[in-house]
There are 2 protein chains.
Amino acid sequence: MDTGDRLLTPGEVAALFRVDPKTVTRWAAAGRIGSIRTPGGHRRFRESEVRALLEGEGMLDEGEDVANRPRNVGPTASTGPGPANAGMY
Amino acid sequence: MDTGDRLLTPGEVAALFRVDPKTVTRWAAAGRIGSIRTPGGHRRFRESEVRALLEGEGMLDEGEDVANRPRNVGPTASTGPGPANAGMY
DNA sequence: ACTTATTTGGGTAATTGGGGGT
DNA sequence: TCTGTCCCAATTACCCAAATAA
């Protein structure tokens with residue numbers, strides 16, 4: 001079902017992360033952040049995901065381990081993003 | 001299965017996509033989204049189609065496990081859950 | 001027939017996408 | 001390797017006034 005969260009524009013996400021909108025676009029292109037495309041081709045980002053990314057950035061452990069490369073995402077397509085946000089407006 | 005042909009107004013679709021209602025009208029005019037015209041000339045959109053568009057390409061494995069987040073995404077993971085977007089310009 | 005909110009139409013500025021190079 | 005900036009083309013957002021929907 002629908003996640004039901006608001007969508008953010010690239011500029012909004014860029015402002016939240018204090019980066020250039022192009023950088024946000026690269027994150028989406030690289031698959032580091034989920035993105036929804038409008039029929040026109042522009043991207044929209046889920047606010048819950050962006051906020052989770054923002055909150056999680058203060059993590060510990062910076063082990064740069066190249067040996068750990070999960071090159072393949074399993075077919076376990078978890079459609080719904082974990083948090084069941086019941087924020088319907 | 002239930003198609004759910006509820007009709008949505010341009011304002012509803014615009015809110016779902018986080019765009020301007022005028023943009024939704026342009027999508028309909030460009031044939032990117034199906035639309036039904038009222039006798040007065042206003043457009044209505046099918047909820048099932050809108051939802052399919054929203055979830056059709058916004059699906060990415062969203063593991064919010066930043067602690068275990070591999071910074072280097074491996075090589076070309078051809079396991080793309082979604083088909084290559086066929087709407088680029 | 002009324003009012004209120006939304007949609008329509010055209011035109012112009014701002015944002016976005018993709019590629020390239022620092 | 002990652003990010004910021006350049007280009008151009010396409011898409012999108014906001015301005016107006018009139019018509020439609022409920």
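In what follows, chains carry the letters A, B, and so on, assigned in the order in which the sequence lines appear, proteins first and then strands, with residues in each chain numbered from 1. What you are looking at is a predicted structure, and each value in this text was computed from that prediction instead of being measured.
Taking OG1 of Thr38(A) as the reference point, atom CZ of Phe17(B) lies at 7.5 Å (rounded to 0.5 Å). Here the CG atom belonging to Leu16(B) is positioned 12.5 Å from the CZ atom belonging to Arg44(A), to the nearest 0.5 angstrom.
Distance from the side chain of Arg32(B) is smallest to dT12(D) among dC2(D), dG18(C), dT12(D). For Arg43(A), the side-chain atoms get nearest to dG18(C) when compared with the rest of dG18(C), dT12(D), dT20(D). Distance from the side chain of Thr9(A) is smallest to dT16(C) among dT16(C), dT12(D), dG9(C). Each of dC14(D), dT7(C), dT12(D) was ranked by its minimum atom distance to the side chain of Thr23(B); first place goes to dT12(D). Side-chain proximity of Arg44(A) to the nucleotides dG9(C), dA13(D), dG18(C) is greatest for dA13(D). Residue Thr25(B) places its side chain closer to dT8(C) than to any other of dT8(C), dA22(D), dA13(D).
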Intermediate values then yes/no, side chain to side chain contact (heavy atoms under 4.5 Å, CB included), Arg46(B) and Ile36(B): CA-CA 8 Å; Arg46(B) 299 200 176 270; Ile36(B) 297 177; 3.2 Å; yes
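For the pair Trp27(A) CH2 and dC2(D) P, the interatomic distance rounds to 12 Å; values are reported in whole Å. The distance from atom NE2 of His42(B) to atom P of dA22(D) is 10 Å, rounded to the nearest whole Å. Between the C1' atom of dT15(C) and the CZ atom of Phe45(A) lies a distance of 13 Å, rounded to the nearest Å. If you measure from atom CZ of Arg26(B) to atom C1' of dA13(D), you get 7 Å, rounded to the nearest angstrom. Here the C1' atom of nucleotide dT5(D) and the CG atom of Asp20(A) are 8 Å apart, to the nearest Å. Look at CZ on Arg18(A): it is 19 Å from C1' on dC2(D), rounded to the nearest Å. Rounded to an integer number of Å, the gap from Arg37(B) CZ to dA21(D) P is 11 Å. Per the geometry, CG belonging to Leu8(A) stands 16 Å off P belonging to dT15(C), to the nearest Å.
Counting distance only, with no hydrogens placed and no angle test, the side-chain atoms of Lys22(A) and the base atoms of dG18(C) include a donor-acceptor pair under 3.5 Å.
Phe45(B) has its side chain within reach of Val24(B): a pair of non-hydrogen atoms, C-beta onward, lies under 4.5 Å apart. Looking only at side-chain heavy atoms (C-beta outward), Glu49(B) and Ile33(B) come within less than 4.5 Å of each other.
Base pairing of dT12(D): its partner is dA13(C), meeting the Watson-Crick or G-U wobble criterion (both donor-acceptor distances under 3.5 Å).
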